[in-house]
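The structure appears below as structure tokens.
All values below come from the heavy atoms of this structure, side chains included, with hydrogens, waters and symmetry mates left out.
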Amino acid sequence: MRKGKAMIREANQNDLHQLLELYLYLHEDSIPQNDQHLKVTWDQMIGDSNHHIIVCEQNGKIVSSCICVVIPNLTRNVRPYAFIENVVTHGEHRGKGYATQCLDFAKQIAVKENCYKMMLLTGSKSEKTLDFYKHAGYNSTDKTAFIQWL
């Protein structure tokens, strides 16, 4: 999907380092060490047909991203559901619709995979962020989320 100079697509093997740099705008304070564990994890994510790393590329640079994981399920007529994680946009590119385009791409994947719902969690309490998710079609009234940090 291409809009103007921005292209929305699934990540490929060569996108790892740009993605890790983008995650510095999420909640990371450093880029992980480029070791075997990172390589194995990246290969596992890229090779998993249920794991979709969606990126927005502008002029050859990844400026926004989200992850959509399709989770097989035995309820709801054995229909899977999608979980959205790591929604992020580079600080200099916010407010231009790139994250919305990434979430729309994720929704297309979820529809294609016959998911019955999409879910996401955010740690943000910012009204601007919460309004962004509401405008993207998500609500915070249907479910209650609980987190246990390990």
Side-chain angles (χ1 to χ4, degrees), residues 1-3 6-58 60-90 93-94 96-124 129-150:
M1 174 189 311
R2 189 179 277 281
K3 245 187 190 179
M7 178 174 55
I8 309 299
R9 62 176 175 80
E10 289 203 48
N12 62 53
Q13 190 71 36
N14 300 321
D15 291 327
L16 174 60
H17 296 292
Q18 280 197 60
L19 200 56
L20 291 174
E21 288 178 12
L22 180 64
Y23 284 167
L24 293 173
Y25 290 91
L26 188 60
H27 50 67
E28 299 299 306
D29 57 9
S30 65
I31 293 175
Q33 183 176 348
N34 191 5
D35 61 10
Q36 188 63 23
H37 179 63
L38 177 63
K39 181 186 179 341
V40 167
T41 301
W42 179 244
D43 289 346
Q44 181 181 7
M45 290 170 70
I46 285 290
D48 182 350
S49 64
N50 285 326
H51 208 124
H52 304 271
I53 305 164
I54 299 158
V55 298
C56 174
E57 182 181 302
Q58 184 185 44
K61 181 178 168 92
I62 295 175
V63 297
S64 189
S65 180
C66 72
I67 291 179
C68 174
V69 180
V70 176
I71 302 169
N73 182 41
L74 295 175
T75 65
R76 303 286 181 154
N77 261 349
V78 194
R79 291 177 65 196
Y81 58 94
F83 189 78
I84 306 299
E85 186 63 77
N86 296 340
V87 180
V88 61
T89 300
H90 187 288
H93 296 274
R94 292 187 177 153
K96 298 178 182 175
Y98 299 142
T100 299
Q101 290 178 54
C102 288
L103 289 175
D104 288 346
F105 193 93
K107 185 175 181 180
Q108 290 175 20
I109 290 168
V111 168
K112 178 180 164 237
E113 295 296 326
N114 196 32
C115 292
Y116 78 94
K117 70 178 176 183
M118 295 177 69
M119 297 186 305
L120 68 79
L121 299 173
T122 181
S124 177
T129 301
L130 300 178
D131 285 344
F132 165 74
Y133 289 126
K134 288 175 187 171
H135 282 62
Y138 296 85
N139 76 70
S140 59
T141 58
D142 288 348
K143 299 268 184 173
T144 301
F146 290 90
I147 304 291
Q148 183 178 70
W149 295 103
L150 305 174

Walk me through whether Ile62 and Glu21 qualify under side chain to side chain contact (heavy atoms under 4.5 Å, CB included). CA-CA 9 Å; Ile62 295 175; Glu21 288 178 12; over 6 Å; no
Q. Between Ile109 and Ile54, does a side chain to side chain contact (heavy atoms under 4.5 Å, CB included) hold up when you go through it step by step?
A. CA-CA 10 Å; Ile109 290 168; Ile54 299 158; 4.0 Å; yes
**OP:** Please report the C-alpha distance between Leu121 and Phe83 in whole Å, then the side-chain angles of each, then the deciding distance to 0.1 Å, and finally whether the side chain to side chain contact (heavy atoms under 4.5 Å, CB included) criterion is met.
**Re:** CA-CA 9 Å; Leu121 299 173; Phe83 189 78; 4.1 Å; yes
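The two residues Pro72 and Pro80 come nearest to each other via the heavy atoms CA-CB, 4.1 Å. For the residue pair Leu19 and Ile53, the shortest heavy atom distance occurs at CD2-CG2, 3.6 Å. In terms of heavy-atom proximity, Cys102 sits nearest to Cys66 at O-SG, 3.7 Å. Smallest separation of non-hydrogen atoms from Ala11 and Ile46: O-CD1, 3.9 Å. A pairwise comparison of heavy atoms in Leu22 and Val63 identifies CD1-O, 3.7 Å as the closest pair.
Each of Val69, Ile84, Val70 was checked for a side chain to side chain contact (heavy atoms under 4.5 Å, CB included) with His52, and the lone residue meeting it is Val70.
Rounding to the nearest 0.5 Å gives a distance of 13.5 Å between NE2 of His135 and CG of Leu103. Of the inter-residue distances, the one linking Cys68 atom SG with Glu10 atom CD reads 8.5 Å to the nearest 0.5 angstrom. Between atom CG of residue Asn34 and atom NE2 of residue His17 there is a gap of 4.5 Å, rounded to the nearest 0.5 Å.
Applying the side chain to side chain donor-acceptor pair (under 3.5 Å) rule to pairs touching residues 36-51 yields Gln13-Asp43, Lys39-Asp43, sequence neighbours excluded. Sorted by first and then second residue, the pairs that involve residues 77-90 and meet side chain to side chain donor-acceptor pair (under 3.5 Å), not counting sequence neighbours, are Tyr25-His90, Ser64-Thr89, Arg79-Asn114.
Aromatic ring pairs are classed by plane angle as parallel below 30°, tilted from 30° to 60° and perpendicular above 60°; the pair Tyr138 and Tyr133 is perpendicular.
Lys96 NZ: more than 12 foreign heavy atoms inside a 6.0 Å radius. Atom NZ of Lys117 sits in a crowded spot, with more than 12 heavy atoms from other residues, nucleotides or ligands closer than 6.0 Å.
Side chains of Phe105 and Arg9 form no contact here, defined as non-hydrogen atoms less than 4.5 Å apart. Using a 4.5 Å cut-off on side-chain heavy atoms (C-beta onward), Ile8 and Asp104 make no contact. In this structure, Gln33 and Leu38 have side chains that are not in contact, with every pair of non-hydrogen atoms separated by 4.5 Å or more.
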Please output the side-chain donor-acceptor pairs of residues 140-150 that fall under 3.5 Å, not counting sequence neighbours, one pair per line with the distance.
{"unit_1": "Thr141", "atom_1": "OG1", "unit_2": "Asn139", "atom_2": "OD1", "d": "3.1"}
{"unit_1": "Asp142", "atom_1": "OD2", "unit_2": "Asn139", "atom_2": "ND2", "d": "3.0"}

